Amino acid sequence: QLQLVESGGGLVQPGGSLRLSCAASGFTLDYYAIGWFRQAPGKEREGVSCMRRSGDSTVYADSVKGRFTISRDNAQNTVYLQMSSLKPEDTAVYYCAAQGPLGLFRLCALSDEYNYWGQGTQVTVSS
């Protein structure tokens, strides 16, 4: 069964940090571009960040640039989203997604169609 499972969400104070993890099973993430998305209550889902297969090209939404970092560990079949300087407006359910299989240097885009999705993890930023 092809599956993505997120973890690491929780409640954090403004200015704090969290690291989200997304473990893949049933397929090898090495052949996929990866992405993180989020959906706040009453809002549409938005793209946060993506990374192409080779790992040397990333995209970030303007709202998280300089604060969030996407990474991948193909040996662990896991992707991460390090979030720092968190703000209340970052509160949302965060989803990881995979797109592929793709060519190694095919650029990722937050507007692309992603094949596989996790179930989401809640991040709440509040004092």
Side-chain angles (χ1 to χ4, degrees):
Q1 184 179 2
L2 307 178
Q3 198 172 13
L4 292 170
V5 179
E6 301 96 336
S7 60
L11 174 64
V12 63
Q13 292 187 340
S17 298
L18 278 177
R19 187 176 81 155
L20 305 183
S21 300
C22 173
S25 61
F27 67 107
T28 303
L29 274 177
D30 190 23
Y31 296 100
Y32 292 75
I34 57 173
W36 285 95
F37 298 79
R38 67 186 181 185
Q39 187 165 22
K43 295 188 177 181
E44 292 188 354
R45 188 176 65 198
E46 65 170 338
V48 174
S49 181
C50 68
M51 174 183 278
R52 71 177 177 184
R53 274 190 61 194
S54 62
D56 60 348
S57 176
T58 56
V59 173
Y60 292 94
D62 288 343
S63 58
V64 306
K65 279 181 183 176
R67 300 188 299 122
F68 290 12
T69 303
I70 190 172
S71 62
R72 64 194 302 162
D73 184 339
N74 289 336
Q76 297 295 322
N77 220 25
T78 301
V79 301
Y80 303 97
L81 185 68
Q82 178 67 48
M83 305 185 296
S84 302
S85 301
L86 283 161
K87 305 175 182 180
E89 50 264 44
D90 294 318
T91 295
V93 177
Y94 283 72
Y95 301 89
C96 67
Q99 181 196 26
L102 297 176
L104 184 62
F105 297 108
R106 198 270 202 186
L107 295 174
C108 72
L110 296 175
S111 57
D112 283 345
E113 290 291 327
Y114 284 73
N115 310 56
Y116 304 112
W117 290 83
Q119 83 291 346
T121 186
Q122 176 70 47
V123 172
T124 302
V125 185
S126 175
S127 55

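For the numbers below, each heavy atom of this structure counts, side chains included, while hydrogens, waters and symmetry mates do not. Quantities reported herein were computed from a predicted structural model and do not represent experimental measurements.
Atoms CZ and CZ, on R53 and F105 in that order, are 9.0 Å from each other to the nearest 0.5 Å. Between R38 atom CZ and R45 atom CZ the span is 13.5 Å, to the nearest 0.5 Å. Here the OG-CG distance, from S54 to L104, works out to 5.0 Å after rounding to the nearest 0.5 Å. With values rounded to the nearest 0.5 angstrom, E6 atom CD is found 12.0 Å from T78 atom OG1. Considering CD of Q119 and SG of C96, their distance stands at 7.5 Å, rounded to 0.5 Å.
Under a hydrophobic-cluster definition in which Ile, Leu, Val, Met, Phe, Trp and Tyr are linked whenever side-chain heavy atoms come within less than 4.5 Å, directly or via other members, V12 and V64 are assigned to the same cluster. I34 is not connected to L102 by any chain of hydrophobic side-chain contacts under 4.5 Å among Ile, Leu, Val, Met, Phe, Trp and Tyr, and they are in different clusters. L2 and W117 are members of different hydrophobic clusters when ILVMFWY side chains are connected at heavy-atom separations under 4.5 Å. Cluster annotation: F68 and L20 are assigned to the same hydrophobic cluster (Ile/Leu/Val/Met/Phe/Trp/Tyr, side-chain heavy-atom contacts under 4.5 Å, transitive). In the hydrophobic clustering of this structure, Y95 does not group with V79; members are Ile, Leu, Val, Met, Phe, Trp, Tyr whose side-chain heavy atoms approach within less than 4.5 Å, directly or through other members.
Between R67 and M83, every side-chain heavy-atom pair lies at or beyond the 4.5 Å cut-off. Within the 4.5 Å cutoff, the side chain of S57 has no heavy atoms near those of the C108 side chain. Residues S21 and Q76 form no side-chain contact, since every pair of their non-hydrogen atoms from C-beta on lies 4.5 Å or further apart. Between L11 and Q122 there is no side-chain heavy-atom pair separated by less than 4.5 Å. You'll find the side chain of Y60 reaches within 4.5 Å of the side chain of I70, heavy atoms only. In this structure, M51 and S49 have side chains that are not in contact, with every pair of non-hydrogen atoms separated by 4.5 Å or more.
Ring orientation note: the planes of Y114 and F37 are nearly perpendicular, at an angle over 60° on the 30°/60° scale. Ring pair F27/Y32 is perpendicular by interplanar angle, where above 60° counts as perpendicular and below 30° as parallel.
Counted within 6.0 Å of CD on E113, heavy atoms from surrounding residues, nucleotides or ligands total 12 or fewer; the atom is thus considered open.
Salt bridge status for K87 with D90: absent, with no side-chain N to carboxylate O gap under 4.0 Å.
For the residue pair D30 / T28, no side-chain donor-acceptor distance below 3.5 Å is found, with atom types taken as modelled.
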Assess the residue pair S25 and Q1 against the criterion (side-chain contact (heavy atoms from CB on, under 4.5 Å)); give the C-alpha distance rounded to whole Å, side-chain angles, the decisive distance to 0.1 Å, and a yes or no.
CA-CA 7 Å; S25 61; Q1 184 179 2; over 6 Å; no
